[in-house]
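Take a look at the structure below.
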Amino acid sequence: MSSNPVAETVASLMPRAQAELTELVAFKSVADFDQFPKSESEAAARWVADALTAEGFEDVALLDTPDGTQSVYGHLPGPAGAKTVLLYAHYDVQPPLDEAGWTTPPFELTERDGRWYGRGAADCKGGVIMHLLALRALKANGGLPVHVKFIAEGSEEQGTGGLERHAEAHPGLLDANAIVIGDAGNFRTGLPTVTATLRGMTMLRVHIDTLEGNLHSGQFGGAAPDALSALIRVLDSLRAKDGTTTIDGLTPDASWDGLQYDEEQFRKDAKVLDGVELIGDGTVADRIWARPAVTVLGIDCPPVVGATPSVQASARALVSLRVPPGIDTDEATKLLQAHLETHTPWGARVSTEQIGHGQPFSADTTSPAYAAMADAMAVAYPGQEMQYAGQGGSIPLCNTLAALYPHAEILLIGLSEPEAQIHAVNESVSPQELERLSVAEALFLRNYAAS
């Protein structure tokens, strides 16, 4: 990184950033209170609120949102007449999954091989720290050039919509000229990237019943309808032989015209085992950014250990469908529900319950904010030109903000590059990316103020 005062300040603050991220990662802030104590999320929210207060933010508040979680808000005044920029991140995290699969404890930030490991290090507690670093660098080098609003969401990973509903009920709260969503990531480490599109998401619980109770498989098996087998059959109907998502009425053949994803590089990033094929057709970018993708997230059935020789009376699954731009999530949900009902065999009773929802998002990359970000990233990443990519994940808040504030320019950046392995075991963040993106955000705020 070329020498400049902002970059030098951020570099000097990196030990503090590591210490703060260590504290924040230590909170088990999974917003599924059937699995993790609500007190852990509340403590993480208080940590963010205290950090904002220490930076001089005004009106710092813990916002109780309709889904039972808290978002953290604050306002940092800039010069009179300056533009307003909203900085977004979320402090809730995914469950650690199999803790035995982690090389080091998931809620203890650990430095190893040049990266910092821990749940939420990249997604998205690192985003909270990135915003703080950028603001500190500006305050140390001429002061803040814009008004800043800060919002840290408490339930983004659950998709339960608490902050969206709160924003709709308080439409002036998050209004801004530009919005920086710090929950995306570079296409790969060292390549500055803004995310131009996000797939939306719908999540359904599928429940199948066939019998009043389990039966002895020797006495009744072969004629009694097995709910687990019925569930497996209907789930299998969601994919073609090559793995392409096949939901009746949903188009599976859109294409991506921007930055492409080399197939061999994708295999390495996804850690696909030797000899195992990728699924679907078209380019990798088509499959992960431009087309619908169904995933079976979990199945309730007897574990192998302790299973009895029984015909199962009931079974259920959690199914996720990622919805690309150009398709309405509500319509896709109806098509998925209808498909599940149509393809459930043997007249088995099937019911579905939607538990998560978000519309796809497309950014206006021709807006002045993108030019300001491109110039900032050229300084933070010398010799690299800012790239535009899609992202297969969902950030439901983006569409809510776009609807509430149609004048606002929305940019998506962040720390979730492929090596970060977000949502998986051994999630990590690159401290170099944290440093460079903090510099880029600080310079963006300065550039945008002058635009």
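Being a predicted model, the structure only gives us computed values, none of them experimental.
Between Phe150 and the choices Val128, Val60, Val85, the side chain to side chain contact (heavy atoms under 4.5 Å, CB included) rule is met once, by Val128. Between Val206 and the options Thr344, Val319, Leu336, a side chain to side chain contact (heavy atoms under 4.5 Å, CB included) holds for only Val319.
Under the 4.0 Å criterion applied to side-chain N and carboxylate O atoms, Lys241 and Asp236 are not assigned as salt-bridge partners. Under a 4.0 Å N-O distance rule, the pair Asp269/Arg188 qualifies as a salt bridge. The pair Arg291-Asp286 counts as a salt bridge, with a side-chain nitrogen and a carboxylate oxygen less than 4.0 angstrom apart. In summary, Glu20 and Arg16 engage in a salt bridge, as defined by a charged side-chain N under 4.0 Å from a carboxylate O. Salt bridge annotation for Arg205-Glu353: present, with a cationic side-chain nitrogen under 4.0 angstrom from a carboxylate oxygen. Checked for salt-bridge contact, Arg115 and Glu417 meet the test: a charged N lies under 4.0 Å from a carboxylate O. With salt bridges taken as basic N to acidic carboxylate O contacts below 4.0 Å, one links Arg287 and Glu263.
Glu164 approaches Leu397 most closely through the heavy-atom pair CG-CA, 3.9 Å. Nearest heavy atom pair, residue Ala17 against residue Leu133, reads CB-CD1, 3.9 Å. Nearest heavy atoms, Ala317 versus Leu235: CB-CD1, 4.0 Å.
Counting heavy atoms from C-beta on, the side chains of Pro309 and Ser217 come closer than 4.5 Å. Inter-residue side-chain proximity for His207 and Val350 is flagged as unmet; no heavy-atom pair is nearer than 4.5 Å. For the pair Cys124/Tyr88, no side-chain contact is recorded, criterion being any heavy-atom separation below 4.5 Å from C-beta on. At a threshold of 4.5 Å between non-hydrogen side-chain atoms, the residues Thr189 and Gln432 do not count as touching. Within the 4.5 Å cutoff, the side chain of Arg199 has no heavy atoms near those of the Val323 side chain. Within the 4.5 Å cutoff, no side-chain heavy atoms of Gln70 are placed close to those of Ser41.
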Met377 vs Leu437, test: side-chain contact (heavy atoms from CB on, under 4.5 Å). Steps then yes/no.
CA-CA 8 Å; Met377 284 186 162; Leu437 283 167; 4.0 Å; yes
Begin with the C-alpha distance, continue with both residues' side-chain angles, and end with the deciding distance and a verdict on ring-ring contact (aromatic ring centres under 6.0 Å, His included) for Tyr261 and Phe187.
CA-CA 9 Å; Tyr261 204 148; Phe187 182 66; 4.9 Å; yes
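With hydrogens and angles disregarded, no donor-acceptor distance shorter than 3.5 Å links the side chain of Ser155 to the backbone of Ala31. Checked by atom type and distance alone, the side chain of Thr202 never pairs as donor or acceptor with a backbone atom of His357 at under 3.5 Å.
Rounding to the nearest 0.5 Å gives a distance of 13.5 Å between CZ of Arg316 and OG1 of Thr352.
A search for salt bridge (charged side-chain N to carboxylate O under 4.0 Å, His left out) contacts involving Glu433 returns Arg436, not counting sequence neighbours.
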